Each structure stands twice: as structure tokens, then as C-alpha cells.
Amino acid sequence: MNDMRLIERAVDMNDIKISARNVQVYYGDTHAIKDVDVDIADKTVTAFIGPSGCGKSTFLRTLNRMNDTIASCRVEGKILIDQEDIYDPRVDPVQLRAKVGMVFQKPNPFPKSIYDNVAYGPKIHGLARSKADLDEIVEKALRRGAIWDEVKDRLQSPGTGLSGGQQQRLCIARAVATEPEVLLMDEPCSALDPIATAQVEELIDELRQSYSVVIVTHSMQQAARVSQKTAFFHLGNMVEYDETGKIFTNPEDPRTESYISGRIG
Amino acid sequence: MTDASADRSADGHSRAKTSLLQLDVRTKKRNAAEARFKAYGVVAIAIGLFFLIALLTAIVSNGTRAFTQTFVTMDVTLDAQKLDPDGTGDPEVISKTTTFGYGGIIDAALEQTLAARGITTEIAVGDLDQMLSSGAAAEIRRAVLDDTSLVGQTVTFEVLASSRVDGYLKGRVTRESLARDRNLSPEHLDVVDALQEAGLVERRFNWAFITGSDASESRPEQAGIGVSMIGSFFMMLVVLVLSLPIGVATSIYLEEFAPQNRITDFIEVNISNLAAVPSIVFGILGLAIFIQVAHLPQSAPLVGGLVLTLMTLPTIIISTRASLKSVPPSIRDAALGVGASKMQSIFHHVLPLAMPGILTGTILGLAQALGETAPLLLIGMVGFIASNYPDGIAEGFLSPNSAMPAQIYEWAKRADPAYYERAWGGIIILLLFLMTMNIIAILLRRRFERRW
Amino acid sequence: MNEQHIASAYDRDLDAIQAMIIKMGGLVEAAIIDGTKSLETRDVELAEKVRAGDKVIDDLEERINEEAARTIALRAPVSKDLRIILSVLKLAASLERVGDYAKNIAKRTSVLAEMRPITGSDATLRRMGREVQMMLKDTLDAFIHRDAKLAEDVLMRDQDVDQMYNALFREFLTHMMEDPRNITACMHLHFIAKNVERMGDLVTNMAEQVVYLTTGSMPEENRPKGDRTSYISSSKPE
């Protein structure tokens, strides 16, 4: 038994990976995200919590410009990843999304084989020079996704034939195959049963050693279990952003207090 | 905080106690209504089945007769004196004898055949050949020219009987109906009976119906649907090659790339309406543009194909859009999330998943186009006798031809009941074609079906 | 701990908290040993060391409280995990009080060092101190190994401590009646003995907590209580 845990948990020494300044997001005339300023650290799991419709998913999607696919959506302000503004007109969203991977709420493997699922990203980004290279990338990604042992004998079977938890881990493996630096996860466990959820959470804990992970979750308990820093969103504003232990034992803002103790929706 | 309910019983309970084992009035009425509805459904299905069976029975019973034809077997002496008096063996010389010249040879052959079997008749020798098809002479001439060594020999030929004789064997023609007929007399029928007993006249399966070309009004026994099939085939080829890529590309553009504004809405509404436009309007369009402005050859399968492409495009566009819409957006999101561009996500992921729907829509559109007659009327593929096989691929597209439904219509128009019977036969062939295409559609869809 | 949690961080958190209890227990044990030794040898410096060391013990208790609260907030433990956390909180509180008593003994030792020694009581006090320290050690062992039997055994031994206290109580009375100049020293010594007896009771509470942790229910109430000093009067012979 050792008490080195406290040192393990200290994250203040990590660099800032993503920096958002004065971000506003509009859907048509609706002002969905208001004045958000946040610094997200590298090699850390940051959780966004808040009631339904508070804007946490919207803000997450601004980080890899997935909101570009929605015609009525407008983003203002600066979002810097490694000090580069990702909304600069010179930036190609496609290239951005190789650097910032995403895992979605419902596991959505391509209806192809497990191998092809993971190999697709590296192939279109030209990360592999030969078949052997590609094999290696696929194996590494599947190991990172904590699913290699379960599928190494059936790489050609369809990805959709796995169980829910396995599919989500496959999607995580697919996301890390392109060697991203940031992983965005939009409620990744909401479609999974408790055991699969625990396995994915354990995986997230391992992933944070290599990536900056941002996870949106509607389960406060999940944010409590998995993240080192938590941001609470309410009605489009980011109300409080602090170390997870502090948010859940002694939050500063009364709105945060009300939300985590179940007094507001 | 409960409402006072109307049926409070005496002891203050809010509902009168009822037994589950006894159905109350409302339940009985509801069950009766359901039973009635189910009965309506069964009756509707029965009526539908009845009509289906009636249709099939009519088609089959009327049409199968077209697949058999009466042939007469006889020994023909190819008189060298008539054909090649100098014994040169030169095809040029032999070909100088026209079909008219063969008439005598045929008469002689018939006479001999009757004599050999001991059949007597009052018909003059010259009139005997009315039993045979008027194309018999041409048949024999062609055989001789193909193989000039036959000259001087006695060869057994099977020639088509005339359509009246054929009708007689099929029960269409009776002695009473022949009373006013110029082509045949009842005495001929006696001869036919005798020959039939002798085994020289019989009905056989008629391949020429399927593979042969159309024939003139007077020779229904020779008419076949083969050339029209080729015409239809080339037309379908044009439709497939043009409408599939254009339709799918249009759909992809409208669904994925077009901005959501008034113009796009306008286009979409019009495409949906085009699917309901009467097909003859497309025929007029084809006449005006392809034939009068572009001066493409009239009655060519190429033009027919172009007109039918215009007609099929809305169907394919609509069914492709439905298929594209049915691909769950999570697949697109997943592709974009991995860093694929919009084109990549569409062509690598969305399109393969939409394939079953697209293929089904295409094949159904093709099947519909196969059966269209009205647009072909105006570009001239109808009032035309498809008498020759096209010589090559280019000819196949550009030389005047007919299409199957048009051919069937043409036959149905002609006076001779033998043609009428052939029209039914053509319908059977058309239906077989359509069934084949539908089966291909089902197989292709099964093969491409994926689970997501 | 039979099985690991799927979330390995949870196991590491629980391990960390329990490690802190063990550490705190070790410090308190050392305080008892040093405290009684300093009393025996009238070693003022050692007593001072014990007094100063109590701050570390108090800080540890505060840290344990914070960590336990954090674990409850973040992990929402249930069943065995919940009993572990609740037990740890109570153990920490008891340990802190034991530590305080040890500090008190050290404080009085400094005073006693200037007075003349009272014969006879030293040996008993030393035995008492050692007994309590052994009880604490066994309780901590029982906690580490989840050994309910060992913990129940500790419950029984409190009786010995109580009897030793009874004996000391009468002895001090006798000394005080003999010679009034002994009164001050005997008063201090009595308080020391009372502290040690209280320490024994607290360690017994801890042992009960370990039984609860291991088995899920508190031990039965029939552990013998031997403190009869409430009934001693100087006039009536016992």
C-alpha cells in the first residue's frame, strides 16, 4: 500500500494543450455558447458536465470543427491548439481532424472488417508506406484501445459483430490510429452497460498518459471517477472550472453546488 | 386527490368490480371491429389473388400457342435441269433462279408426297402450295445457295405450313371459317388431315418466334420477336449507361453538396413532379430535340434509349435520394471524425451502404422503361417492321429497329388472328424479361446488403 | 482484498487511504512506547519529542479525513468499500485521541521528573503501557489482514488493562493516605494511569470497528468491562 496517489494526481505541472478565449457559438440567432474561456491541459482528462442543453456537446464539437457541417452554426472567438488558431481560414478541417480525434455517443464502427475500420484513417492520411506498416499501426491502435487480445484472431470479421462495449473500444482504437494529440469524447459510455462502461473508463485513464482527453458526460459520477479537471456548463456559460476533487467536495459557485447535489436539472 | 368517478358503487369504491373472465361491452365491440378489419384484409387479398390468377391464366393460355408452329415435311427433288442446266455448280448461275422459279419445284414435291402416301384430292396441283407458307420457296432457295452441292439431289425439307393450316391445327380455324377465305379451302384441310396421319405434318416448338425477325402482314407464321428483343436490349443499354451515373451523381449533389436555398428546393420539387409526367410527353421532347434538332437517325435504339433515359432519371434520382437519406448520419460523422473529407466519406462509406437501394431503384426504373411504348411512338420505333438483325454494335444503336412492347402493339393491331396469338406470346416473353430483371435486382440487393 | 476494481485508480485510492492509517498507527504506537519509556526513565527530552510529534499525527488525521471525503464524493462507494471508508474515518479519530493521550502522558512526565519517584507504580504503569501498545499493534494487524478473530481477541484483553488500573488506583490512594507529600505526584500519576486506561478503551473501539469492517456487523455486547474504580471508597474495604 502506498500513498503516492496524491502525487500521481497532481496535474498542474502539465502544459496547456487547448486554449479557448471568448468563444461564442450561434445557431442562427440563438446564442448557444457565451463567453467561454478555458485552458485544457495536456495528458489530462477534462470533463464537461452540465444539464441537458447547456452547450457542453456544442463546445466540444467546436474543438474539431465538427460544427462546420451544420450550416446555421457560427463560431466566434479564438480556439488555439498548440498556440495555433484552428479557425484560421488557412486551416483545413480535414487535417485538423487527424490531429483531434473524436469518439461518439453511440458506437459507430464502419460496416467493414475490424482491420479496415482501424486502417481507414491511416490510409487516407498516408501514414503507412507498406502493408507491413499498416499492420503494425493497426495492431498498435488495437492495443491502445485495450481490445487487441479479444480480436487479434478475427481481424477480418465485421466490426459490427462485436458487443457494445467492444464496439466502443474499437471506435476508440480507430480514433487513436491516426496518432492524434487530442481525443474528444462525446458521452462515450451512455450507450453501454455498467461493466463495459467501467472498462472504457479504465481505458480512458490509461489514454491520458499519451493524449489530452476531453470528455462530455451527463453523468456526474462518471466525471468524478474519470477526470482530473472538470468544467461545469450552465445555459451556455462555463460556470466553474477546477480540479475535480475540489468541484465535488467544495465547489465555489452556488450553481455548481446545486447541480452536483441534484438540486437543479 | 382522485376524481369522483361516475360509476361509484354503493360501498364507496371508485369503480364497480368486474370479473376479468367476463368481457365487457367495450371490449366486445373492439374485438368485433378488429375481426371485421382483418376480414376486409383477407377479402382484399383474395380478390387480388383472383385477378392475378385470371391474368396469368389468360396470358398463358393465349400465348403458349405462339411458341409452337406447324411444319410440313416433304422430299424435294432439286431438279438440276431447272436450277443449273449446264451443270456448272456456280452459285452465281444458281442464284439466277428466283423464288418464283422454285414454285414449280415445290409443286412437284407436293405432288410426289401425296402420291407416295396415296392421298387423293381434288385440288389442282398448282394450288397445293397454298398449304405451305409463302416463304417456303425462299427458305428452300436459301438452303440451296448455302450448299450448292444439293442441286440434283432429293432432300428432305421441313417447311413452315401456312398460317391457316397452323390455325387449323391449333383449333383457331374451322372448315366453316374457311368458307369465305381466299387463302385456303376446306379441301386443303382434308389433305392436311391425311398428311397429319401420315406423320408429315406436325406442330413443333418454334425457335424462330423467339429469335426471328418480324414478317409482313401476310406471313404471320414467320413472324418472330428476336429483332425487337435486340432493339430493346440496345435501348436498355443506353438507358443504363446514361441514367445510372447521371442519376446517382445528381442525387449525391442534391443530397450532400447543394446549399439549402430556394433554388435547390425548386429543383427538388420539379424532379419529383417529373416522375409523374405522362411518358408521351417525353416522346415529344425526344422528337423535337433528338430528331429534329440533333438529326439523330429516326427509329434508332439510341434515340429511344435517350428518351427513356430522360424518363427514368427522376425515378433513379428519387430512389437514390431515399437510399442516401437512409444511411444513418453516425456513419458520416464517424468518417468525418477520422479525418475523411466530404467526398471520401460519401464515396467510401455512404455510397456502398446505399447501394442496395440504388440498385433496386435502377433495376425497377429499367424494368419500367422496358415496357414503355408511348414515347417510342413519336420517335418512330413503332410503325416499322424489324426485319433484319443489326450487323454490328454501331449498327445496333443507330439502325432503325423496334422495341418489344412496340412490336407487341403492332402485332395486336394486325387483322390476322395468328398475329393476335403472337401478341400474347410476345407478352409472355416480355414478362419473362421483367421477371428476370426483378430476380437480378433481388439477388444484387442481397449481395450488397450490410448490417449497420 | 479479494478482487480488483475494473477502475484501477479506485484500488489505488483505497490503498492510499489505508496506508495512511497504518502510518498513523505506527506513529501512535511509537508515541506510546516513547511516552511510557520517558516516564520510566524520567527522560525529559524524549517526552518533549513525543509532545512535538503529536502535531504530525493530527495533520495525518486531517489528511485522512480529506481523502476519505474525496473518495466518498468521487467514487460513491458501496458495501465493502463503504465499510472500509467509514471504518477508516473512525479509526483515524480514535487514533488521534490515543495520540493526544500519549502527548498528555509526555506533558505530565516533564512535571513528574522534578518530583521524587513513587515506588511500585512504575512497574505496573510500564506493564499497562506495553499492554495497550500491543493491543494497538494487534488491532492494526487485524485491520491489515482483515482478521476478525484477532480483533475479537483484543477486545478481551482490555479487561487486563482495567484490572491494572484498579490496582494502581488503590495503590495511589494508599500512598496518598500514607504521606501527604506524595499527593501531587500521585495525582499526576493517577491521571497518567487513567489516560492509559482510556487509551485501552479507545483501542478496543478500534478493534470493534475492525470486526465491523470484516464481518459487516458489530461484535456482541458481552465483552467484559473490568473498571470497578467507580465503586471504590476509602472507608469500605474492597
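In this text, all values refer to a predicted model and were calculated from it rather than measured experimentally. Just so it is clear: chains get the letters A, B, ... in the order the sequence lines come, proteins before strands, and each one is counted from 1.
Under the 3.5 Å distance criterion, the side-chain polar atoms of Glu202(A) are matched with a main-chain donor or acceptor of Ser8(C).
In this structure, chain A has heavy atoms under 4.5 Å from both the backbone and the side chain of Ala7(C). The contact between Gln221(A) and chain C is made entirely by backbone atoms, counting heavy-atom distances below 4.5 Å. Both the backbone and the side chain of Ile195(A) come within contact range of chain C, judged by heavy atoms closer than 4.5 Å.
Heavy atoms of other residues, nucleotides or ligands lying less than 6.0 angstrom from NZ of Lys37(C) number 12 at most. Counting heavy-atom neighbours within 6.0 Å of Arg154(A) CZ, excluding the residue itself, gives a total above 12. A 6.0 Å sphere centred on CZ of Arg97(C) holds no more than 12 heavy atoms belonging to other residues, nucleotides or ligands. A 6.0 Å sphere centred on NZ of Lys99(A) holds more than 12 heavy atoms belonging to other residues, nucleotides or ligands. The number of heavy-atom neighbours closer than 6.0 Å to NZ of Lys140(A), taken from other residues, nucleotides and ligands shown, is 12 or below.
Close approach to chain C, defined as a heavy atom under 4.5 Å from one of its heavy atoms, is seen in no residue of residues 165-176 of chain A.
Taken to the nearest 0.5 Å, the CG atom of Leu74(C) stands 8.5 Å off from the OG1 atom of Thr230(A). Taken to the nearest 0.5 Å, the CD atom of Glu67(C) stands 10.0 Å off from the OG1 atom of Thr249(A).
For Arg12(C) and Asp205(A), the salt-bridge test passes: some basic side-chain N is under 4.0 Å from an acidic carboxylate O.
Considering all non-hydrogen atoms of both residues, Arg225(A) and Arg75(C) come closest at O-NH2, 3.5 Å. Annotation for Ala73(C) and Ala224(A): closest pair O-CB, 4.4 Å, computed over non-hydrogen atoms.
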